[in-house]
Amino acid sequence: PAAHSADESARNVPKRYIFNQADMEHFRHSPARKELLSFVSTMGCGLTSDVANQSTPPGGYHSRNPLEKLTPALASLHGSLSCMSSTWMDPNHDGIPPDLDAKARFGNPEFRTWHARLVERSYGIVRCLMDCHVKYSSFDPEGDDMNVDGLTIEQILKECSEQGYSVASNEGHARWQRKKSSAQSSPNQEDIVAELRAYLHDSFGHPIRIDYGTGHESSFVVFLLSLCKIGCFRWGGANKNKQCKGGDNKNKSNPPPEAIGRASLPLFHAYLGVTRGLQKDYMLEPAGSHGVWGLDDYHCVPFYLGACQMMAREQWQKNQQSKTKAGNGEEEEEQSSDNGTEDGKTDRSPDNPYLPETTLVTDRSAPIDTHEDNVDHWTPSIIHDRPVLEAHRPTYLYLSCIHFIQQIKPNVPFFESSPMLNDISHLGSWSKVSSGLLRLYEGEVLDKMPVVQHFVFGKIFSANWSPSRKTPLEAPKKTFINGPMGEECIAPWAYDDGSGRPGGDGGDGSVRRGPAPNVYPGGMPPTR
């Protein structure tokens, strides 16, 4: 029988480790939290490094060629995400449209069916990306432009993307199941697949609560971090001994920050294509949202990555203008490097395993000249320019996030719907925006127990403490929209006789609507 058809409870499936404040304190000082924050920081730093040597505006993402900076494994994942966003909710492609008769303000129940499809097809999605990584393990993109099969880099990425799309589709999923039904995998491979699947399942919302928030977004970041640790952010030829099937979770040869940063943009663009559809069509409830007093109802990391992308553009324009002045024979002023400190000394993010010693970290507190003579210079206030949002949102992630907010809240002034983002738009440089958003992610996501208590830990993303509970708490199997027998829930004080029981004294068990009797002889109960 197929390995993935067996009961996964017998395998090493990731489990919860955070149940109380004692566990939370362990997590705050754990290598797992440190590594997760370092990975998020590196995704941003990778976008702002090596800006001076680029001839076109940086950012690492072109909407017409999203696979350009990916590896075969990540191209397969990108294809699967593209299929999920374009077909899984489209009734014309056997998708799962929302139930239009649902009466809940938040949380369309059809999302549970969508999530069940994710669980069903996640094995194929994960195995496909791992197979793509192993298949081209001998190909070196920095060497010859062709591999042994005569394929170019572009052809390899396109092939892997199409395979990822196919395995997530209805027809391709059925074919893949038949093809793999008799395939045998090593226990170590199946352990990796089971762990990656668990992170992927938690990346798109909770099927019982029908909500989505920064905790689910962080699960997707954990999924990417795990792929990075098993070598999928590198081409096989550049890291021959670090293949996915090898299960080397202590990878000491991390990819350069530029590879992590530039791969993060197309992956998050594809990921947001899925989550935004879920948020709009299934009306997922914002999990743990602070309302207008928070950054966003659902996301945080895309804003940080988008700010880093805009910061890279800002630095590139500054360098280009300096070159122009030098070419005209004008005297250049001495300036500290954008990647150094105010004293001109280089610095490195402390204890970040994904940043090599030679990687310089931008001094995010230093203001950057605005160059008023450059009409293309964008300060953070550019988000209020509607034509710019419409024209450049496919390329710039931050503008895409702002545009989506305005799309789902069309008749509300931006300063009312998103006061924090509106305040951020008045900052003087993107460097201040990016540094502030990273601190916000650390303080409001990773340091908040209501968010991280739902994290699961395995062997790749591991916990180094013993949890306070040996038996995990079970999540409720149903919401409170309906009663235990399927009837509509009514508050106890809303029953006719005030008994708190459907049908008053039992009778036929039906719920009789009407005002509850006044059980206080003097009228309304006394108030303080």
Side-chain angles (χ1 to χ4, degrees), residues 1-17 30-32 35-36 39 71-77 80 118-139 160 163-164 167-168 173 176-177 179-203 219-255 260 353-354 455-467 472:
H4 61 280
S5 63
D7 184 10
E8 285 195 351
S9 62
R11 306 213 61 86
N12 188 21
V13 178
K15 300 177 178 61
R16 282 185 58 188
Y17 273 69
S30 68
E35 190 170 39
L36 180 58
F39 185 73
T71 62
L74 300 183
S76 175
L77 174 61
S80 297
L118 170 66
V119 174
E120 177 188 13
R121 301 185 184 182
S122 61
Y123 184 90
I125 292 173
V126 173
R127 280 305 304 265
C128 182
L129 70 86
M130 292 177 65
D131 289 348
C132 287
H133 177 77
V134 174
K135 179 178 180 180
Y136 296 104
S137 60
S138 62
F139 181 69
C160 292
Q163 291 177 1
V167 78
H173 169 70
W176 194 91
Q177 290 286 78
K179 178 181 177 182
K180 296 293 183 180
S181 59
S182 60
Q184 297 295 326
S185 302
S186 68
N188 188 48
Q189 285 179 319
E190 291 303 313
D191 284 344
I192 295 175
V193 171
E195 183 168 350
L196 292 176
R197 290 183 68 195
Y199 302 143
L200 193 63
H201 295 166
D202 290 345
S203 299
S219 293
F220 184 69
V221 177
V222 171
F223 179 73
L224 297 182
L225 168 62
S226 301
L227 291 180
C228 181
K229 293 181 71 174
I230 63 177
C232 292
F233 271 70
R234 280 183 175 271
W235 283 80
N239 195 16
K240 294 181 180 179
N241 297 323
K242 307 294 182 181
Q243 298 178 1
C244 285
K245 67 177 183 179
D248 186 0
N249 300 336
K250 303 297 183 181
N251 191 345
K252 298 180 181 179
S253 179
N254 293 307
I260 297 176
Y354 297 95
F455 280 5
V456 292
F457 300 84
K459 290 185 177 180
I460 305 175
F461 182 68
S462 59
N464 65 336
W465 72 93
S466 298

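Each residue takes its place number in the sequence, starting with 1.
- The main-chain N or O of Arg234 is never found under 3.5 Å from a side-chain atom of Thr71 such that the two would form a donor-acceptor pair.
- Judged by distance alone, with hydrogens and angles left aside, the side-chain atoms of Glu195 form a donor-acceptor pair with the main-chain N or O of Lys459 at under 3.5 Å.
- Annotation: the span from Arg127 atom CZ to Glu190 atom CD amounts to 6.0 Å, rounded to 0.5 Å.
- Remark: side-chain polar atoms of Ser80 are paired, donor with acceptor, to backbone N or O of Ser76 under 3.5 angstrom.
- There is a side-chain donor-acceptor pair under 3.5 Å between Ser122 and His201.
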Is there a side chain to side chain contact (heavy atoms under 4.5 Å, CB included) between Gln163 and Leu129? Walk through the geometry before answering. CA-CA 9 Å; Gln163 291 177 1; Leu129 70 86; over 6 Å; no
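- Closest heavy-atom contact between Ser219 and Ser203: C-OG, 3.5 Å.
- Note that SG of Cys128 and CD1 of Ile125 are 9.0 Å apart. Values are rounded to the nearest 0.5 Å.
- Residues passing the side chain to side chain contact (heavy atoms under 4.5 Å, CB included) test with Ser226 are Leu196, Tyr199, Val222, Ile460, Phe461, sequence neighbours excluded.
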For Lys15 and Val456, run side chain to side chain contact (heavy atoms under 4.5 Å, CB included): C-alpha distance rounded to whole Å, both residues' side-chain angles, the deciding distance at 0.1 Å, then the answer. CA-CA 5 Å; Lys15 300 177 178 61; Val456 292; 5.8 Å; no
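- Remark: Tyr17 engages Phe457, Trp465 in a ring pair (Phe, Tyr, Trp, His ring centres under 6.0 Å) (not counting sequence neighbours).
- Annotation: the span from Ser462 atom OG to Glu35 atom CD amounts to 7.5 Å, rounded to 0.5 Å.
- How far CZ of Phe220 is from CG of Asp202: 13.0 Å, rounded to the nearest 0.5 Å.
- One distance of note links CG of Leu227 with CZ of Phe233; it measures 6.5 Å at 0.5 Å rounding.
- Across all their heavy atoms, Cys232 and Ala73 have their closest contact at CB-CB, 3.8 Å.
- Using a 4.5 Å heavy-atom cutoff, the side chains of Leu77 and Leu224 are in contact.
- From Ile192, atom CD1 reaches atom CD of Gln189 across 7.5 Å, with rounding to the nearest 0.5 Å.
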